[in-house]
Amino acid sequence: MRIFSLLLLMILLTSCDKFSLTKSKNIQPLDTVVNFTAVDTYPSFKNCDAIIDKVEKQNCFRNTIHTKIGEELLKHTFTLQDSVNETVLVNLIIDKNGVINFESLQSSKKIQEQLPLLDSLVEASVKSLEKIYPAIKRGIPVTTKYQLPIKIKLEN
């Protein structure tokens with residue numbers, strides 16, 4: 001009877017998967033590497049929110065922000081001593097609540113001398129923008145930086 005009980009106990013212990021010493025190969029590894037330089041969904045305006053494709057949505061956002069700031073800048077008249085054909089870079093921060101903030105304006109010395117109020121006009125244009133849907137990373141709204149190039153072409 002002892003031999004039979006011992007044999008039965010051995011069969012039970014060796015047939016159970018919970019007592020297996022080998023690792024299960026069905027377990028998927030956790031994704032622990034996070035790329036903080038890219039977002040899953042780019043910021044968007046209301047008119048771009050219905051677009052599903054990531055590249056098209058990014059292009060829609062870029063075109064919309066360029067158009068809206070350009071329209072605001074065209075409302076102003078500028079007087080110049082020399083003609084200007086340059087590009088300035090506007091640095092923006094779009095926070096996780098969708099509020100867009102002007103950070104800085106990078107321009108040449110010539111632009112700064114001939115258009116000293118350009119940064120305040122661009123800042124006012126940025127403040128007049130409607131609320132933006134923030135960028136999404138792993139399902140969470142995140143703060144992003146955006147650099148907006150503006151081509152300035154003015155002639156006497």
Side-chain angles (χ1 to χ4, degrees), residues 17-156:
D17 286 340
K18 291 183 182 179
F19 296 112
S20 175
L21 299 177
T22 60
K23 280 190 169 183
S24 176
K25 296 185 181 186
N26 295 338
I27 298 174
Q28 293 180 338
L30 292 175
D31 183 17
T32 56
V33 178
V34 178
N35 182 2
F36 288 107
T37 60
V39 292
D40 298 335
T41 305
Y42 289 99
S44 67
F45 287 98
K46 189 174 185 177
N47 63 326
C48 303
D49 202 41
I51 299 172
I52 296 173
D53 185 51
K54 188 175 181 178
V55 175
E56 287 180 26
K57 193 171 199 169
Q58 180 184 14
N59 289 336
C60 179
F61 172 75
R62 183 177 291 137
N63 293 336
T64 304
I65 198 167
H66 278 91
T67 302
K68 291 182 183 255
I69 290 179
E71 288 172 354
E72 286 294 317
L73 289 176
L74 286 175
K75 292 178 182 176
H76 303 282
T77 56
F78 301 100
T79 55
L80 300 172
Q81 298 166 358
D82 298 325
S83 60
V84 175
N85 187 9
E86 293 187 28
T87 302
V88 296
L89 298 175
V90 180
N91 296 311
L92 305 172
I93 295 180
I94 303 166
D95 72 7
K96 63 183 179 178
N97 298 318
V99 178
I100 188 165
N101 296 307
F102 174 80
E103 186 179 53
S104 65
L105 180 90
Q106 297 174 5
S107 61
S108 67
K109 201 98 159 141
K110 184 178 179 181
I111 294 282
Q112 291 172 2
E113 291 170 358
Q114 291 196 23
L115 301 170
L117 297 176
L118 182 63
D119 58 343
S120 60
L121 292 174
V122 171
E123 186 174 3
S125 301
V126 169
K127 286 184 180 180
S128 71
L129 290 172
E130 62 193 54
K131 187 176 177 183
I132 296 174
Y133 297 110
I136 304 292
K137 180 73 175 179
R138 293 188 163 207
I140 301 169
V142 292
T143 300
T144 54
K145 287 181 111 176
Y146 184 76
Q147 193 171 59
L148 175 72
I150 298 177
K151 179 100 172 158
I152 298 182
K153 188 174 184 178
L154 301 169
E155 296 178 3
N156 290 343

Would Ser104 and Asn91 satisfy side-chain hydrogen bond (donor to acceptor under 3.5 Å, both in side chains), going step by step from the backbone distance to the final call?
-> CA-CA 5 Å; Ser104 65; Asn91 296 311; 2.9 Å; yes

Please report the C-alpha distance between Leu89 and Leu148 in whole Å, then the side-chain angles of each, then the deciding distance to 0.1 Å, and finally whether the side-chain contact (heavy atoms from CB on, under 4.5 Å) criterion is met.
-> CA-CA 6 Å; Leu89 298 175; Leu148 175 72; over 6 Å; no

side-chain contact (heavy atoms from CB on, under 4.5 Å) between Lys151 and Asn85: does it pass, once the steps are laid out?
-> CA-CA 7 Å; Lys151 179 100 172 158; Asn85 187 9; 3.3 Å; yes

Any chance you could lay out the side-chain contact (heavy atoms from CB on, under 4.5 Å) test for Leu118 and Ile111, step after step, and finish with the verdict?
-> CA-CA 8 Å; Leu118 182 63; Ile111 294 282; 3.7 Å; yes

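- When the shell of 6.0 Å around NZ of Lys96 is examined, it contains 12 or fewer heavy atoms from other residues, nucleotides or ligands.
- Atom-to-atom distance recorded for Glu72:CD and Leu129:CG is 7.5 Å, nearest 0.5 angstrom.
- A salt bridge links Glu123 and Lys127; the closest N-O separation between the charged side-chain nitrogens and carboxylate oxygens is under 4.0 Å.
- Ile65 has its side chain within reach of Tyr146: a pair of non-hydrogen atoms, C-beta onward, lies under 4.5 Å apart.
- Between Leu73 atom CG and Leu121 atom CG the span is 6.5 Å, to the nearest 0.5 Å.
- Across Gly139 and Asp40, no two heavy atoms sit closer than the pair N-OD2, 4.4 Å.
- In summary, Lys153 and Glu86 do not engage in a salt bridge, as defined by a charged side-chain N under 4.0 Å from a carboxylate O.
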Tell me, with the steps shown, if Glu103 and Lys145 meet salt bridge (charged side-chain N to carboxylate O under 4.0 Å, His left out).
-> CA-CA 9 Å; Glu103 186 179 53; Lys145 287 181 111 176; 3.6 Å; yes

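- The 12-atom threshold is exceeded at NZ of Lys54, counting heavy atoms of other residues, nucleotides or ligands nearer than 6.0 Å.
- Residue Gly98 comes nearest to Lys131 through the heavy atom pair O-CG, 3.8 Å, listed as atom of the first residue, atom of the second, then distance.
- The CD1 atom of Ile69 sits 6.0 Å away from atom CD1 of Ile100, with the distance rounded to the nearest 0.5 Å.
- Inter-residue side-chain proximity for Thr64 and Asn47 is flagged as met; some heavy-atom pair is nearer than 4.5 Å.
- Between the OG atom in Ser44 and the CZ atom in Arg62 there is a gap of 14.0 Å [rounded to 0.5 Å].
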Before giving the answer on side-chain contact (heavy atoms from CB on, under 4.5 Å), spell out for Ile93 and Thr143 the whole-Å C-alpha distance, their side-chain angles and the decisive distance to 0.1 Å.
-> CA-CA 7 Å; Ile93 295 180; Thr143 300; 3.6 Å; yes

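- If you look at Phe45 and Phe61, their ring centroids are closer than 6.0 Å.
- With salt bridges taken as basic N to acidic carboxylate O contacts below 4.0 Å, none links Glu113 and Lys110.
- Between Asp95 and Pro134, the shortest heavy-atom distance links the atoms O-CB, 3.6 Å.
- When side chains are defined from C-beta on, Thr41 counts as touching Lys57, because their heavy atoms get closer than 4.5 Å.
- Rounding to the nearest 0.5 angstrom, the gap separating the CD atom in Gln112 from the OG atom in Ser107 is 4.0 Å.
- The distance from the CG atom of Leu92 to the CD1 atom of Ile132 is 8.0 Å, given to the nearest 0.5 Å.
- Side-chain contact between Val142 and Val39: present, with at least one pair of heavy atoms (C-beta onward) separated by less than 4.5 Å.
- The minimum heavy-atom distance linking Asn63 with Thr67 is given by the pair O-OG1, 2.7 Å.
- The side-chain hydrogen bond (donor to acceptor under 3.5 Å, both in side chains) test applied to Ser128 returns no partner, not counting sequence neighbours.
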